[in-house]
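Notes follow the structure.
Counting starts at 1 for both ligands and their atoms, in listed order. The first residue of the sequence shown is numbered 1, and numbering continues consecutively from there.
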Amino acid sequence: MPQHPLAAFGRDYLAIPGPSVMPDAVLRAMHRSAPNIYHGALIEMVEGIVPDLRRVARTKGHVAMYIGNGHATWEACLSNTVMAGEKVLVPATGRFGLGWADVATGLGIDAEVIDFGKSSAIDPMRVAERLSADKSHEIKAVLAVHVDTSTSFKNDIAALRAVLDDLDHPALLMADCMASLGCDPFEMDAWGVDVVIAGSQKGMMVPPGMCFVFFSDKAAEARTRMDRVSRYWDWTPRANPTAFFEYWNGTAPTHHLYGLRAALDMIHDEGIENVWRRHHLLARAVWAAVEAWGSNGPMKMNVSDPVQRGHSVTAIGIGAPHATALRDWTEQNLGLTLGIGLGMAETSDPAWHGYFRLGHMGHVSGHMVMGMLGGIDAGLKALDLPHGSGALEAASGVIAGG
Ligand SMILES: *Cc1c(COP(=O)(O)O)cnc(C)c1O
């Protein structure tokens, strides 16, 4: 290892699964003086943001915006639809499904978890079994994470809709798309999803601090039978504001909105389907590299079936303490920060995680992914960790193939 980190100076690169890299256009849009929040340009700009968000989620449904992170959306959507004492079903494939269930429990909701563990996707048949036993329709909602950022499993949300329809079960279908909106193909209306939640800091390329709840007419209807909804979480005025301050129940997230406007312009200029294709291509480049490294030594992707892999994040096992050593090496020597393993080890001490995660979400290009992979390749060599060769060849071959 070099005594001085010769290659650590230059532009740094946060390659974790959120917050993601912010485009210069987003940063430039945010770099401005405080706007008037009562009339003028800001108010006019927000009118256009709602329909543009709908285009990303592929819905004609309602949109409520909040100042908050992903955890806020978990609480927001449940606060509008499920009362304390009622039941929800949570098929979980990692830390984020379990986290959503925990937020439900905190609201006094009876959250029944079907835990698929860390190494399998949601099996719709097991969800069907549980729902078919629910003759009295006690289960008010099914809470599924589209891409669980801890395990990097992608779940088949449309299959869950088919299960509900086959059983004629009235539960709402809710999808956590924090890690997938603007990354993986997702069709809220075509897949019959009632509630979709997402945040600003992943595929949307804006700093953490804003979040979105998309909801169907059926979910809006569920809101009307609630005994009470906290004023702050209530999505009705946010989705149907009669005055500007109602969008956020108070002061708007002014600078985030300028950033979001720029990000939506970028997404629509590229075309959402091209955004999805780019993420798939870059994910395949990452996977090809990890397969080559793993051909000799302990490295291995957590998700073996490519169809079940999210396109925005890859969880990789390499054995403790190698994962931490590798992350430390790339950060200290290259200015490249890799994601910690999350929810994969029995202890929460990151030093004992045998996993690390690569974020490839949002504002990432082929040369950034090649740079990230090259940095890992250098780290494996510098630390003398066992690994197969040809990873960068494999990745560049994928990118060359388009
Ligand atoms: C990031 C993430 C969250 C939580 O977001 P926070 O902003 O950290 O609260 C929830 N669900 C998924 C799938 C995520 O990737």
Identify, for [atom], the protein heavy atom at the shortest distance, and state residue, atom and that distance.
{"atom": "atom 9 (O) of ligand 1", "value": "H71 ND1, 2.4 Å"}
{"atom": "atom 6 (P) of ligand 1", "value": "G70 N, 3.3 Å"}
{"atom": "atom 15 (O) of ligand 1", "value": "T149 OG1, 2.3 Å"}

Check: H62/D217 side-chain N/O donor and acceptor closer than 3.5 Å: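 Short answer, yes.
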Just by distance, with hydrogens left out, do N249 and W233 show a side-chain donor and acceptor under 3.5 Å apart?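 N249 vs W233: no donor-acceptor pair found between side chains.
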D176-ligand 1 polar pair, N/O distance under 3.5 Å: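 Yes, D176 has an N/O under 3.5 Å of an N/O on ligand 1.
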Pull out every atom of ligand 1 sitting under 4.0 Å from any heavy atom of Q201, numbered as shown with elements.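 Checking each atom against Q201, I get 6 (P), 7 (O).
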Go through the structure and list residues passing salt bridge (Lys or Arg N to Asp or Glu O under 4.0 Å) with D24, not counting sequence neighbours.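 Partners of D24 under the salt bridge (Lys or Arg N to Asp or Glu O under 4.0 Å) test: R11.
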Can you see whether W287 has R309 sitting over its ring - NZ or CZ less than 6.0 Å from the centre and within 45° of the normal?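 Satisfied, under 6.0 Å and within 45°.
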Give a yes/no on ligand 1: does [X] have at least one heavy atom closer than 4.0 angstrom to it?
{"X": "W100", "answer": "no"}
{"X": "V313", "answer": "no"}
{"X": "K202", "answer": "yes"}
{"X": "V145", "answer": "yes"}

Any residue meeting side chain to side chain contact (heavy atoms under 4.5 Å, CB included) with R130, in chain and number order, not counting sequence neighbours: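 R130 satisfies side chain to side chain contact (heavy atoms under 4.5 Å, CB included) with K87, L89, E112, I114, A133, D134, I139 only.
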Do the charged groups of E291 and R284 touch, with an N to O distance under 4.0 Å?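 No salt bridge links E291 with R284.
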Where does the angle between the aromatic ring planes of Y258 and H255 fall among parallel (under 30°), tilted (30 to 60°) and perpendicular (over 60°)?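 It falls in the perpendicular class, over 60°.
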Under-4.0 Å heavy-atom contact with ligand 1, by part of V147 that carries it: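 The answer is the backbone of V147.
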